[in-house]
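Scroll down for the structure; my scribbles are underneath it.
Every chain is numbered from 1 and lettered A, B, ... according to where its sequence line falls, protein lines coming before strand lines.
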Amino acid sequence: DQQVKQNSPSLSVQEGRISILNCDYTNSMFDYFLWYKKYPAEGPTFLISISSIKDKNEDGRFTVFLNKSAKHLSLHIVPSQPGDSAVYFCAASARENNNDMRFGAGTRLTVKP
Amino acid sequence: NAGVMQNPRHLVRRRGQEARLRCSPMKGHSHVYWYRQLPEEGLKFMVYLQKENIIDESGMPKERFSAEFPKEGPSILRIQQVVRGDSAAYFCASSLLSGANVLTFGAGSRLTVL
């Protein structure tokens, strides 16, 4: 059961433009959402998170938006840089069982110089 | 302060052999999680352990897979009688607090079953 879905396996943007990565979830019990970034041959690293009590969280060039009614979240990167090229995983957990964080399949972002 | 250390980074086994993957959590972290990433898929939770205890193994296959986190030494994920479908990247993560939402991941161990 794929409770967290990232429907775009890949995304390519020009340097300096905005990158928008999308994520949908089906479990209404999820109340904490995270984005992880993964470079080849490395483990995922935490990027940014958002709690369900908020609809936006910003950290520098990275902003995560949460639309609870649509069960949708997105990660905006602006301006995009070549170093942002990586696989981005969306993850979600529910407070009652946050040992089991559910991950999407990932979106490979390529930022072209 | 080293991060989460996993070894081996690459492991090749023939069908029917055993695979042992090791994970040393970050210094001070006593909570360890194992995830598996199959090709073209996301990370899937397998098991959550604290020292000497398995807290949640709801993601572990019922047979051939086991995990431990002894009082001394690394956590070990053991796969007996490996099959080709076990080929995957296995990631270990650790956290300082129980149920912490931000996990620190290791670089992963890639298992290839011939």
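Of the charged side-chain nitrogens involved, at least one lies within less than 4.0 Å of a carboxylate oxygen, so that A:Arg61 and A:Asp84 count as a salt-bridged pair. Salt-bridge annotation for A:Asp55 and A:Lys68: absent, with no side-chain N of the basic residue lying under 4.0 Å from a carboxylate O of the acidic one.
There is no contact between B:Gln6 and chain A, counting heavy-atom distances below 4.5 Å.
With chain B as partner, the option from A:Gly104, A:Gly106, A:Pro44, A:Cys90 having the largest number of non-hydrogen pairs under 4.5 angstrom is A:Pro44.
In this structure, A:Phe30 and A:Arg102 have side chains that are in contact, with non-hydrogen atoms separated by less than 4.5 Å.
Sorted by first then second residue, the salt bridge (Lys or Arg N to Asp or Glu O under 4.0 Å) pairs that include residues 6-25 of chain A, not counting sequence neighbours, number zero. Counting only residues at least two apart or on different chains, no ring-ring contact (aromatic ring centres under 6.0 Å, His included) pair has a member in residues 53-74 of chain B.
Heavy-atom proximity under 4.5 angstrom to chain A picks out B:Gly106, B:Ala107 from residues 106-114 of chain B.
B:Arg15 CZ: 12 or fewer foreign heavy atoms inside a 6.0 Å radius.
Taking the salt bridge (charged side-chain N to carboxylate O under 4.0 Å, His left out) definition, one finds that B:Arg20 meets it with B:Glu18, sequence neighbours left out.
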